[in-house]
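The first residue of the sequence shown is numbered 1, and numbering continues consecutively from there. These numbers were taken from a predicted model, which means no experiment stands behind them.
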Amino acid sequence: MMRTHSCGELRASDAGSEVRLAGWVHHRRDHGKIIFLDLRDASGTVQVVVHPDVGVDAESVQREYCVSIGGTVEKRKPGTENANLPTGEIEITARSLEVLSPSETPPFIVEEGVDVDDVTRLKYRYIDLRRPEMQHALRLRAKVVGEIRSYLDARGFTEIETPILFKSTPEGARDFLVPSRLQRGSFYALPQSPQMLKQILMVGGMERYYQIARCFRDEDLRADRQLEHTQLDLELSFVEQEDVLQLLEGLFIHLWRECVGVDVEQPFPRIPYAEAIRRFGTDHVDLRYGMELADLNDVFSETTLGIFRSVITSGGTIRGFAVPGAGDLNHAQLKRLEHATMDRGAKGLAWVILRDGGEVESPLAKHFSERERNGIASATDGKPGDLILMMADKAEVVNPILGALRMELAKERGLIPDGARKFCWIVDYPFFVWNPDEDKWDPIHHPFTMPVGGGEALDGDPAAVRASAYDLVLNGLELLSGSIRIHRPDIQRKVFDALGISREDAEERFGFFLEAFRYGPPPHGGIGCGIDRVMMQMLGTENIRDVVAFPKTQSGVDPLSGAPTPVDPDQLKILGLRPLPS
C-alpha cells in the first residue's frame with residue numbers, strides 16, 4: 001500500500017497512529033539538524049519532522065519533489081500549533097522517506113494568490129493545477145455537474161449525447177471545420193450548440209433531454225469566452241415559457257445551496273428587455289447596486305445648450321446616471337473617463353458634480369438654468385458629493401456606452417456589496433434586430449424561436465415582433481439563453497422569409513431539420529447554459545481561465561502544447577488539402 005491516509009485528513013485523534021503518506025514537498029525548512037517538510041496532496045497539507053537519528057535522508061529533498069513518507073502521528077507541543085491548517089494540531093515524525101520522483105525548481109511557487117503572468121501559468125499548467133485555488137475550482141465544477149445531473153434525473157430527464165462531427169449550418173459565430181478523408185472536398189463542423197439535434201430529439205418523442213455538451217465557436221476570445229466551452233443543453237416538450245423558467249430557477253437555487261451553501265433571493269425578478277435597456281443600458285443587468293440610467297430629455301426640453309438641443313430635435317436622447325460619492329474625482333480623472341467613452345464611439349461625455357445648496361460644478365454649468373440643475377439631481381436621484389455623467393446621442397449609442405460605464409465605475413468605486421448575488425430573468429425580447437451593414441433583419445437569438453402571438457405576429461412591422469425568448473443573468477453576466485421553439489413548419493417558413501432566407505438556401509442549410517418537422521413536432525422549449533460562466537460566478541473570478549483545466553490565451557494559443565501548429569504535409573495530402581502561401 002503506497003499510502004494509508006491522505007495528508008489533509010489527519011487530526012489530533014490520530015495521534016499515535018503509524019501512517020504512510022505520499023505527495024509533494026510544499027515547503028522545506030532546515031533547522032540545523034532537524035528538517036521540517038510540509039507535505040501536500042490533493043486533500044491538504046501536513047507537517048513532517050525529520051530527526052537526524054532516524055536514518056532518513058532529507059537533505060536532498062526540495063520543493064515539489066514527489067515523495068513517500070512513513071512515520072508516526074504526534075501532537076504538536078503546546079504553542080507550536082498552526083491554526084491556519086486543519087492538520088495544525090499534529091505532525092508526522094518520519095521513520096522512512098522515499099523520493100518517488102525529483103523535481104526541477106518550478107517556474108513559480110505553488111501557493112494561493114501567486115503573482116505570475118497568465119502565459120507562464122498556462123505553459124506550466126500542470127504546476128498551476130497544484131495550487132489550492134485551481135484544485136478547488138475543478139472539484140467544485142465536478143460537483144456542480146453532478147448536482148445538475150441529479151436534479152434533472154429526478155425530474156424525468158434523459159441524458160443523451162449528440163454528435164461532435166456534424167453539418168455546417170452557418171449562423172452566429174464561425175464554425176470550426178473538419179475535413180473528411182472519406183468524402184474528399186467535404187467537411188464536418190464542430191457544433192456551436194446542439195440546437196437542431198435537440199429539437200429533433202423532441203420530434204423523436206424523448207420529451208425531456210439534457211446534455212453536458214462541448215461546443216465550439218470560432219470567435220474572438222475575451223475574459224468570459226473561449227473557443228470551446230461546456231454548456232448545459234436542455235430541451236423539453238409540451239411546455240410554455242413559465243414551465244421552463246420555473247424549472248431552471250429551481251435548478252439554480254439548488255446549485256447555489258448545495259455547492260456553495262448560499263440561499264439566493266427568490267423569486268428571480270423578471271425584467272422585460274425594453275425596461276432593462278431603459279434602466280441599465282444593457283440586457284446584462286447587474287442589480288447589486290443602483291446607479292440606474294435616467295432620461296433627461298424633459299429636463300433639457302428648453303435648453304440653450306446647442307448640442308443638447310440638436311440631439312433632442314433630431315429624435316435622440318439625453319441620458320445620465322449618478323455615481324455616489326464620486327465628486328472627489330479630479331479633472332484629469334474626469335478627462336480620462338471622457339476619452340475612454342469616446343473610444344467606444346461617443347461624441348463626448350458631460351459631467352456634473354453636485355455640491356451643497358443645489359450648486360453644481362461642471363464645464364457646462366453656465367448653460368444650466370436652475371430648473372435644469374434641480375432636474376438633473378432629481379432625475380438621477382443624485383445627492384451632494386455625487387458625480388452625474390451624461391451623454392447625448394442616438395439611443396443605440398447612448399445606452400450601451402453608459403451601461404458599460406455604469407458597471408465599470410461601480411467596480412472601481414467599490415460600490416458593489418460583498419457577496420451579493422442578484423439573479424434576474426430578461427424576457428420579452430424583440431425578435432428581430434436590424435443589420436445596417438447587410439441591410440436586413442437578423443434574429444436577436446436564433447431563427448427557431450417562436451414569435452409571441454405565433455405566425456400572425458409576423459404579418460406586421462418586424463421591429464414590433466416579440467420573441468418567446470429569455471435569458472438568465474447573474475450580477476451582470478449572462479448564464480443561459482433560451483426560448484420556446486417554433487414547432488409549426490408554416491411559421492418557420494414565415495420567419496425565414498422575414499430574414500431573407502430563400503427556400504433553396506433553407507433547404508441547403510436546414511433541409512434535414514425541416515423534413516423532421518413535417519412529422520408532428522410537439523410544442524417545446526429549452527436553454528443553453530454556460531457552465532464555465534456559472535463557475536466564474538460561484539468562485540467570484542472574472543476570467544474564464546480560472547475555471548477551465550486547459551484554457552487558451554486571448555490569441556487562441558495553447559501555451560502548454562503550442563497548438564495550433566502546422567501539420568505534416570502527408571496528412572494534408574490524405575485529406576486533399578494544401579496550405580496556402582503565408
Side-chain angles (χ1 to χ4, degrees), residues 271-283 285-286 289-410 413 415 463:
I271 304 175
Y273 174 83
E275 180 184 339
I277 298 300
R278 176 176 58 81
R279 293 172 58 190
F280 306 102
T282 176
D283 57 339
V285 171
D286 194 337
Y289 48 93
M291 298 170 57
E292 295 189 17
L293 308 191
D295 292 307
L296 300 174
N297 282 35
D298 287 345
V299 173
F300 291 104
S301 61
E302 300 174 3
T303 184
T304 61
L305 187 61
I307 182 63
F308 282 12
R309 187 172 62 251
S310 64
V311 165
I312 293 175
T313 302
S314 64
T317 185
I318 305 170
R319 312 206 71 205
F321 66 94
V323 187
D328 59 357
L329 293 180
N330 60 42
H331 284 214
Q333 292 170 314
L334 292 167
K335 202 68 178 176
R336 281 195 293 271
L337 271 182
E338 182 180 0
H339 288 159
T341 305
M342 294 173 70
D343 288 343
R344 288 187 163 111
K347 294 175 182 175
L349 180 69
W351 58 267
V352 174
I353 296 174
L354 302 182
R355 301 301 187 192
D356 292 328
E359 295 299 316
V360 302
E361 178 186 348
S362 171
L364 305 178
K366 64 183 179 181
H367 299 284
F368 296 156
S369 66
E370 183 177 355
R371 172 184 173 274
E372 289 165 349
R373 288 195 296 270
N374 293 336
I376 292 170
S378 177
T380 60
D381 197 27
K383 305 292 188 296
D386 291 354
L387 170 69
I388 313 296
L389 298 173
M390 301 182 294
M391 272 185 61
D393 208 322
K394 297 176 182 178
E396 57 267 30
V397 175
V398 169
N399 287 325
I401 294 176
L402 285 186
L405 192 59
R406 168 186 178 266
M407 297 175 73
E408 290 171 5
L409 286 172
R413 301 290 300 180
L415 301 174

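- The shortest side-chain heavy-atom distance between L364 and V352 does not fall under the 4.5 Å cut-off.
- Pairing each heavy atom of A379 with each of L296, the nearest pair is CB-CD2, 3.6 Å.
- At least one donor-acceptor pair under 3.5 Å links the side chain of N297 to the backbone N or O of G316.
- Interatomic distance, OG1 of T304 versus NE2 of H367, reported as 7.0 Å (0.5 Å rounding).
- Between L329 and I353, the shortest heavy-atom contact is O-CD1, 4.4 Å.
- Contact annotation: the side chain of L305 never approaches that of E372 to less than 4.5 Å [non-hydrogen atoms, C-beta and beyond].
- Atom CD1 in I376 sits 10.5 Å away from atom CZ in R371 (nearest 0.5 Å).
- The line from CG of D283 to CD of E275 is 13.0 Å long, rounded to the nearest 0.5 Å.
- Between the side chain of R319 and the backbone N or O of R278, at least one donor-acceptor pair lies under 3.5 Å.
- Put simply, OG1 on T313 and CZ on F308 are 13.0 Å apart, with the number rounded to the nearest 0.5 Å.
- No donor-acceptor distance shorter than 3.5 angstrom exists from the side chain of E359 to the backbone of D356, with no hydrogens or angles considered.
- Contact detail for G382 and A322: the closest heavy-atom pair is CA-CB, 4.1 Å.
- L409 has its side chain within reach of L389: a pair of non-hydrogen atoms, C-beta onward, lies under 4.5 Å apart.
- By the neighbour-count criterion of 12 heavy atoms within 6.0 Å, atom CG of D295 is densely surrounded, having more than that number from other residues, nucleotides or ligands.
- When all heavy atoms of F280 and L293 are compared, the closest pair comes out as C-CD1, 3.8 Å.
- By the 4.5 Å heavy-atom criterion applied to side chains, L349 and L405 are counted as neighbours.
- With respect to the salt-bridge test (charged N to carboxylate O, under 4.0 angstrom), the residues E370 and R373 do not qualify.
- Applying the side-chain contact (heavy atoms from CB on, under 4.5 Å) test between M291 and each of R406, R413, M407 identifies R406 as the sole match.
- Between F300 and F368, the ring planes are tilted. Angles from 30° to 60° get that label.
- Listed for the S378 side chain is no donor-acceptor partner under 3.5 Å among the backbone atoms of N374.
- Nearest heavy atoms, L354 versus V360: CD2-CG1, 3.9 Å.
- For the pair K335 and W351, the minimum side-chain heavy-atom distance is 4.5 Å or more.
- Here the side chains of V323 and D386 are not in contact, with every heavy-atom distance at 4.5 Å or above.
- Here I277 contributes atom CD1 and E396 contributes atom CD; the two are 11.5 Å apart, rounded to the nearest 0.5 Å.
- The two residues M391 and T341 make their nearest non-hydrogen contact at SD-CG2, 3.9 Å.
- Atom CG in L402 sits 12.0 Å away from atom OG1 in T282 (nearest 0.5 Å).
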